[in-house]
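All figures in this text were calculated on a predicted structure; none of them were measured in a lab.
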Amino acid sequence: MRRSTRLGALGVLVLLGAGCGIPAASDVRVDGKGGAATGVGVVNGGISEPPTRPASGSDNEAFVRNFLSAAAGEPDRAYERVKAFIAPEHKHRLQEKKGSEVALNVVRLREAAVYTLNSDSTTTVKIKVQQIGVLRANGTLAPPVATETEYEFGLRSAALNGGANDERAGLYVLDPPNVLLLSDVALRQYYQAESIYFWSSDRTRLVPDQRYRPQAVPTERRVNEVVKWLVGGPSDWLRPGVVGLPDRTELINNATGGDGRWEVNLDMSDDDKYGIDQLITQIAWSLGDLPGELELKIRNNALPVQDLNERRSLPGLYPDAQSPQRFGVYEGAIHPLDFGTELSGAVPLAPEANRNIVSADLALASEQRVLAAMVVTGSSGGRHRLAVGTGTAPVSVISRSTTEYSSMSRPVWLRAVDSRPGRGLVVADGQLYRFDEAAKMFPVPLNLPAAVTAVGAALDGQRVALIAGGQLYVAAVNSDGGGVSIGPPRQLATSLTNLTAVDWGREDQLVVAGSARQPAIYEISVDGALETPLRTDLGAKVNHLTAYPTNRNVRVPSGAYMYEANGVAYRSSPFERIEPDSVRGIAPVPAGVRPSNPSAPFFLY
């Protein structure tokens, strides 16, 4: 006899245990750390390792959830933890790997698992998955290697002699997949997502690189893990835009310390004093908010002790992104948007430059310079040109592209921390272009299989997000030598489909518009592994999206984004429609005349 049943989807478990009822369409930012499961250890108040095999008893669904969590934790014991779930007679079917070869296939369940009870009292389990990536021993999530969209395995009672199911005995896995599987729910629950930093290719700023540290790693080993990550170099996709540590750099013994004093000993050349000074700053930033002092030694030669917080406070590592101002387009001109107590400034364009605008990106550069990039109407209906102006406000001199296009995305500036000339990116007729302050446009080769439709730039100016063919990509920017080149794009897995717009909401998170059976906006990590619904009831496709990015210099949470769908503009925090009465500096609308809708909102910072 075979009986199929469908139980609740494992994917929704990420929202369980949060302790409050947050609707799917809420603007509340979900932290995403689920409640503690039974049978796990705790380190520093957080969940350290997943439940053991017997913890779920004979509950099929709980057992499978725990099986898809078993690999979580320190890599050297991953196979041991997973094999504890596998029936003794089938343990050999999971072939072990050692050391740096240990890798976890991170998957997202597409729908509820299907459990079929068989005539021999075993159960067949089928799970449909999306391959997210490969979690390596060095904490990076590499692109997926496996192509399977479904896994099937069996369950049997662990009771002796095949007797009746015994709640205390629990269950075993039969015919296991020959890979270590880890659900995205377990990744969120048993790992700490962290940013380490590498210097940009021109060594002017620090660029974040996403890593995952098992919660089981105690705090006293955190410095050692971070330094090993830095020595190992950046993630593959980020490598074209940053520089790693000098070749043949090695960690001498383990980083040691405690009670606010940490010692790191490296085998590397000490000829480049400036490079060593930058390395100290790099380590300080990569240690997050860890307080205390760092003593760096180069081949056992100690350097002056450095205060970590002082190193993290050095100016110029990020462009200033504080006090954002909201603007939007109303009847072809940029206007400030007024919302209560928020800062609202004047349009930094002269009136003669503020005409025929479709969308825009205004940025504040060093020495109070304004960078203005605008899509403006062309010489005929439906055609567009790029207009660029720079200088102190109000900017009056505007250059325009020589070519007109049938479609153009919102332009974005690649922000810099110095006074170099402004450079930006824009999509026109399915091709990505870089532009300069004279509005000259140069095609950027990407080798993508479909036309590009949207681009967003990180605050550091060294990373971009792209949408091409409805898929999401990230890529590194190399600006060394005064030019701009884009490294090979990495595609990110997401449960959203038919993506239409993207921007950077945090240094490690993207805000993305697409479809989750209906138009929706999600927050997605820079590697695609972690996603949180922000709004799922939009009702119409999003054609314009902008976000205010938080970073290490902006300590307060933001989560602010604005978008346009079906000709209507909205804002978040709180979520509401942007009405004409929020647009400053427009003439009163005569009685009986319907006012125009504000469009293409954006942040100036």
Q) Can Asp184 and Arg108 be said to form a salt bridge (Lys or Arg N to Asp or Glu O under 4.0 Å), step by step? A) CA-CA 6 Å; Asp184 62 329; Arg108 178 179 292 121; 3.3 Å; yes

Q: Please determine which of Leu466, Val464, Leu510 meets the side chain to side chain contact (heavy atoms under 4.5 Å, CB included) test together with Val474.
A: Leu510

**Q.** Partner set under ring-ring contact (aromatic ring centres under 6.0 Å, His included) for Tyr197, not counting sequence neighbours
**A.** Trp285

Q) Taking the inter-plane angle between the rings of Tyr570 and Phe575 on a 0 to 90° scale, is it parallel (under 30°), tilted (30 to 60°) or perpendicular (over 60°)? A) parallel

**Q.** Tyr151 and Glu148, any side-chain heavy atoms less than 4.5 Å apart
**A.** yes

Q. What is the distance from atom CZ of Arg136 to atom OG of Ser235, rounded to the nearest 0.5 Å?
A. 8.5 Å

Q) What's the shortest heavy-atom distance between Ala465 and Val502, and which atoms? A) CB-CG2, 3.8 Å

Q) For the residue pair Ser525 and Ala529, what are the closest heavy atoms and their distance? A) OG-N, 3.1 Å

Q.
Is there a side-chain contact between Leu496 and Ile524 in this structure, where contact means two heavy atoms from C-beta onward sitting under 4.5 Å apart?
A. yes

Q: Would you mind reporting whether Glu523 and Arg506 have side-chain heavy atoms less than 4.5 Å apart?
A: yes

(Q) What I'd like to find out is whether the side chain of Tyr212 reaches to under 4.5 Å of the side chain of Leu530, using heavy atoms alone. (A) yes

Q: For the pair Phe602 and Phe327, name the ring-plane relationship: parallel under 30°, tilted 30 to 60°, perpendicular over 60°.
A: parallel

Q: Search all heavy atoms of Pro143 against all heavy atoms of Val134 and return the closest pair with its distance.
A: O-CG2, 3.8 Å

Q) Quick one: does Leu499's side chain get under 4.5 Å of Gln471's, heavy atoms only? A) no

Q: Report yes if the side chains of Thr403 and Met441 come closer than 4.5 Å at any heavy-atom pair, otherwise no.
A: no

**Q.** Between OG on residue Ser515 and CG on residue Asn498, distance to nearest 0.5 Å
**A.** 6.0 Å

Q) So which heavy atom on Pro519 is nearest to which on Lys541, and how close? A) CG-N, 3.8 Å

Q. Are Arg213 and Trp229 close enough that some pair of their side-chain heavy atoms sits under 4.5 Å apart?
A. yes

Q. Gly133 and Leu141: which non-hydrogen atoms are nearest, and at how many Å?
A. C-CD1, 3.8 Å

